[in-house]
Undergrad: 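Handing you a structure now.
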Amino acid sequence: MQASSPRSALFANHNFALLFGGSTISAIGDQFTLVALPWLVLKLTGDPAALGLVLAAMALPRAAFMLIGGAVVDRMSPRRVLLGARGVNAVLVSLLAVLVLTGAIQMWMIYVIALGIGLATAFAYPAGSAILPQLVGPQQLQPANALFMGMRQLSMIVGPALAGLVIGTGAHAVQQQAVADAGGLGLAFSVDAVSFLFSLGSLMLVRIHSDHHPKVPVGSVLANVASGIRNIWADLPLRAFILYAAVVSVFVGGPIQVGLPVLADTRLDLGAASLGILMTSNGVGMLLGSFLSGLVTRMVKSRLGLMVLCIDSLAGLALAALALVHSTLGGAVLLAGTGMLGGIAQIAIVSWIQRRVAPEMMGRTMSVLMFTFMGLGPLSAAIAGSLLKVIALPTLFAGAGLLLTAIALSCMSNPALRSIGAARPTVVEAG
């Protein structure tokens, strides 16, 4: 009898199939809000600075409470934490849909809802990463993670394109709208709200061991966090990469988050559909990059640090080239290229960290890495939105891109970053 493949064996696991199915629908739904929310703010205010503040209101609590969320997950069932977090998000997105469709939406409401979504997501992220090891065996973790990574990339391809279509089509279905495109925007938020219901339904049916046998916490939350930070600081190449990633987040996060919606609104020809196409193209590039990452990493062998710096140098030039874009096709090509480069680097770096860091420190190490991007990303978005009040959009793209390229090139002489690529055993602190 022929043995089943690892992936088919995973879907024979009832709990895994439930989690994967609900998460897939929810991931696609999330893309509707990621496209609709920036568009709503721009149509309501016409102010890029307001868009930057909304993105900051969502991302800052997510970053600030990420480590606390991880500690809560360790002390409770990750399924219950994820169920509660997604339930809160479902209520908030539903409220947003109702307010937009009834014409009652105001900017202060968007700020409050964004804060709530960010806070709930701070608990959902660590819970989502902790639940999988309780559903599948150790030998199935790698194909299971690959399936979830592929699903997320595909949702980034399908979701934004569908969202742009829904917003553009629904905008013409409602006459005398209080906010431009309100009909389409309300429908987009409604789609995301319904997707959360599928996710909540699947989570209610999932059963994991820690629902009834939670782990006994060892040490305080702050002691655990401090131990993880000390472990990273003692590892010179890892420390250097975390600091470098912080710089990259500042120069890339804000201009992309704020600049792309403004670019689609002011310079491209398809409006919301252009924004959806740009985001979809970036997702296609990321998916392709994830497939190419293994091949490229084998080609560069132990020179992973140099590879990442070369990739960021090219990504900076592509970001600067957005200053010259006046067509949806041109922007899509550039974003597909940057997505491919980002996918190669992301998979390579995460794999390097997984090989280098002891399992006991993995959660805290990845949390610090996520905190680096999610803490500085919103700050960068707020700065980018404010800068667009005094400088033109092409200047923002060109300045951020060329600075990123210059920083990446200058870091090529850094021994710690150049040494990235070698694994080593890690001494783990207590606590």
Undergrad: Considering only residues two or more places apart or on different chains, which pairs with a residue in residues 9-25 satisfy salt bridge (charged side-chain N to carboxylate O under 4.0 Å, His left out)?
TA: none

Undergrad: For Ser274, enumerate each residue passing the side-chain hydrogen bond (donor to acceptor under 3.5 Å, both in side chains) test, keeping only those at least two apart in sequence or located in another chain.
TA: Thr328

Undergrad: Looking at residues at least two apart in the chain, or sitting in another chain, which of them share a side-chain contact (heavy atoms from CB on, under 4.5 Å) with Pro160?
TA: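 Partners of Pro160 by the side-chain contact (heavy atoms from CB on, under 4.5 Å) criterion, ordered by chain and then number, come out as Gln31, Val35, Met279, Thr280.
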
Undergrad: Is there a donor-acceptor pair under 3.5 Å between the side chain of Ser249 and the backbone N or O of Ala245?
TA: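 The answer is no, because no donor-acceptor pair under 3.5 Å joins these two groups.
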
Undergrad: Show me the pairs that pass side-chain hydrogen bond (donor to acceptor under 3.5 Å, both in side chains) and involve residues 385-405, at least two apart or across chains.
TA: none

Undergrad: Mind checking side-chain hydrogen bond (donor to acceptor under 3.5 Å, both in side chains) for Asp192 and listing every partner two or more places apart, or none if nothing turns up?
TA: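 Asp192: side-chain hydrogen bond (donor to acceptor under 3.5 Å, both in side chains) contacts with Thr33, Ser195.
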
Undergrad: Could you tell me which residues satisfy side-chain hydrogen bond (donor to acceptor under 3.5 Å, both in side chains) with Tyr244, sequence neighbours excluded, listed by chain and number?
TA: Asp312

Undergrad: Applying side-chain hydrogen bond (donor to acceptor under 3.5 Å, both in side chains), name anything that partners Arg267, two or more places apart in sequence or on another chain.
TA: His326

Undergrad: Ser23: what forms a side-chain contact (heavy atoms from CB on, under 4.5 Å) with it, not counting sequence neighbours?
TA: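 So Ser23 forms a side-chain contact (heavy atoms from CB on, under 4.5 Å) with Leu19, Arg86, Phe148, Met151.
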
Undergrad: For the side chain of Thr266 and the backbone of Val262, is there at least one donor-acceptor N/O pair under 3.5 Å apart?
TA: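 Yes, Thr266 side chain to Val262 backbone: donor-acceptor pair under 3.5 Å.
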
Undergrad: Using the test side-chain contact (heavy atoms from CB on, under 4.5 Å), find all partners of Leu288 that sit at least two apart in sequence or belong to another chain.
TA: Leu292, Met340

Undergrad: Run the salt bridge (Lys or Arg N to Asp or Glu O under 4.0 Å) test against Asp30 and tell me which residues pass, sequence neighbours left out.
TA: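 Asp30 satisfies salt bridge (Lys or Arg N to Asp or Glu O under 4.0 Å) with no residue once adjacent residues are dropped.
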
Undergrad: Please report whether the ring centroid of Phe32 lies less than 6.0 Å from that of Phe189.
TA: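 No.
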
Undergrad: Hey, can you pull the donor-acceptor pairs under 3.5 Å for the side chains in residues 99-114, sequence neighbours left out?
TA:
| from | atom 1 | to | atom 2 | distance (Å) |
| --- | --- | --- | --- | --- |
| Thr102 | OG1 | Val98 | O | 2.8 |
| Thr102 | OG1 | Leu99 | O | 3.3 |
| Gln106 | OE1 | Trp108 | NE1 | 3.3 |

Undergrad: Which residues satisfy the side-chain contact (heavy atoms from CB on, under 4.5 Å) test with Phe198, sequence neighbours excluded?
TA: Ile25, Val194

